[in-house]
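Below you'll find the structure, written out as structure tokens, and then a few comments.
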Amino acid sequence: MQSVFVPGLFENKTAIVTGGGSGIGAGIAKRLAKQGASVALVGRTLEKLENVAKEIEADGGKALAASADVRQYDALANAVKMAVDRFGGIDFAVASAAGNFLAPAATLSANGFRAVIDIDLCGTFNLARACFEYLSKTKGAIVSITATQAKIATPLQCHAGAAKAGIEKLTRDLALEWGRFGIRVNAVAPGPIEGTEGMSRLAPGGAEDMLKKRVPMRRYGNIHEICEAVTYLLSPAASFITGASLLVDGGTSLLGPGPFLDLLEQGG
Ligand code: NAP
Ligand code: COA
């Protein structure tokens with residue numbers, strides 16, 4: 001597979017990755033570690049984090065598993081502190097923790113809406129805020145994982161869409177405020193990514209073929225393709241890029257209401 005992989009690119013750097021225990025977040029953590037970074041993995045389930053940490057260490061990398069709910073600022077700040085104590089600082093913060101499910105707005109409970117806003121949007125702010133002091137010392141960078149739902153009206157996901165749009169706005173605002181500290185703040189907006197929890201929740205039984213037909217490139221993306229974009233945005237190659245959201249979606253977002261419209265038409 002083609003790659004912008006550069007061995008040693010992130011040598012002597014430390015990254016903290018929320019949602020690092022599975023899926024896209026785990027893929028990003030492993031990729032950063034493979035390129036030399038020490039990686040702190042954050043999520044609620046310690047066992048998942050420890051498994052990824054063991055994989056990284058078995059591959060010769062350095063990793064730390066730190067369990068925290070991104071909605072709890074003090075717990076997350078403690079995880080950041082653990083990473084700093086172990087590795088000496090923070091150069092990169094990657095916000096990949098999220099929650100999503102299909103639900104019509106007409107029946108979604110207020111608590112269901114709030115849960116997703118809390119995890120995605122507040123969790124991303126909490127990570128950025130808890131890392132600010134350390135990122136300003138290292139002139140580091142933040143990348144948040146958003147989604148095409150941030151940009152296009154998408155049925156059955158008003159909670160996730162509002163949260164991801166909020167993260168993209170937060171990305172621009174933090175880029176504006178923190179550029180003077182040398183901190184770059186960007187986002188990567190994936191389209192549907194194969195083999196992930198996200199797609200198993202959003203493409204229920206049999207919907208996969210239908211959804212793929214609504215992606216201009218006629219396929220799902222893969223975790224490797226998201227890691228490429230994150231690597232680029234964290235690397236010195238992106239040294240003048242801040243406040244950006246990079247779509248990695250095979251053209252999905254070009255389709256207006258998006259591939260999930262068919263689910264709504266079918267009574268989703
Ligand atoms: P995933 O494997 O479920 O990853 C989400 C991670 O977030 C899990 O490891 C989960 O671990 C963690 N998490 C959830 N709530 C948390 C909380 N309150 N505090 C701390 N950690 C929490 O799903 P994924 O599909 O790889 O998604 C990863 C990211 O990509 C998300 O931001 C998602 O919105 C985005 N994305 C995915 C797709 C896709 O096609 N999959 C498309 C667009 C965007 P615990 O449950 O153990 O906490
Ligand atoms: N449809 C409608 N509402 C739902 C739902 C669904 N499929 N799943 C959860 N909710 C509602 C719950 O009913 C609850 O609302 P209520 O109190 O009014 O009944 C609210 O959401 C919170 O649910 P709870 O299970 O207490 O939240 P949690 O904080 O433990 O978990 C979620 C958060 C709901 C986002 C959970 O799905 C999760 O942990 N997801 C992480 C993994 C993930 O989503 N990965 C994909 C990333 S794209």
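Position 1 is the first residue of the sequence, and the numbers go up from there. Whatever order the structure lists ligands and atoms in, that order sets their numbers, starting from 1.
Note on ligand 2: Arg44 sits in its first shell, one or more heavy atoms being nearer than 4.0 Å. Heavy-atom distances between Ile119 and ligand 2 reach below 4.0 Å in at least one pair.
Under the 4.0 Å distance rule, the nearest protein heavy atom to atom 21 (O) of ligand 2 falls inside the cut-off. Of the protein's heavy atoms, none falls inside 4.0 Å of atom 26 (O) of ligand 2.
Not one N or O of Gly20 is nearer than 3.5 Å to an N or O of ligand 1, by distance alone. Residue Lys164 has at least one N or O atom closer than 3.5 Å to an N or O atom of ligand 1. Polar contact with ligand 1: present for Ile193 (N/O pair, distance under 3.5 Å). Geometrically, ligand 1 and Ala97 share no nitrogen or oxygen pair separated by less than 3.5 Å. For ligand 2, the polar-atom distance check finds no N/O of Glu197 at less than 3.5 Å from any of the ligand's N/O atoms.
No part of Asn100 comes within 4.0 Å of ligand 1, judged by heavy-atom distances. Contact annotation: for Ala98 versus ligand 1, heavy atoms closer than 4.0 Å belong to both the backbone and the side chain. By the criterion of a heavy-atom distance under 4.0 Å, neither the backbone nor the side chain of Ala26 is placed next to ligand 1. Only the side chain of Ile119 comes within 4.0 Å of ligand 1, counting heavy atoms alone; its backbone N, CA, C and O stay farther away.
With Asp120, Val116, Asn100 as candidates, the residue nearest to atom 44 (O) of ligand 2 on a non-hydrogen basis is Asn100. Among Ala147, Gly191, Pro192, the residue whose heavy atom lies closest to atom 42 (C) of ligand 1 is Gly191. Closest heavy-atom approach to atom 47 (C) of ligand 2 within the set Ala98, Gly23, Gly43, Ser200: this belongs to Ala98.
Looking only at protein heavy atoms, the nearest one to atom 37 (C) of ligand 1 is Ile24 CD1, 3.6 Å. Of the protein's non-hydrogen atoms, the one nearest atom 9 (O) of ligand 1 is Ser22 OG, 2.7 Å.
Short contacts between ligand 2 and Ser109, defined as distances under 4.0 Å to a heavy atom of the residue, involve ligand atoms 15 (O), 16 (P), 18 (O). The Arg71 neighbourhood of ligand 2 comprises atoms 29 (O), with distances under 4.0 Å to a heavy atom of that residue.
A cation-pi arrangement is found for Lys212 relative to Tyr220, the charged atom lying closer than 6.0 Å to the ring centre and inside a 45° cone about the ring normal.
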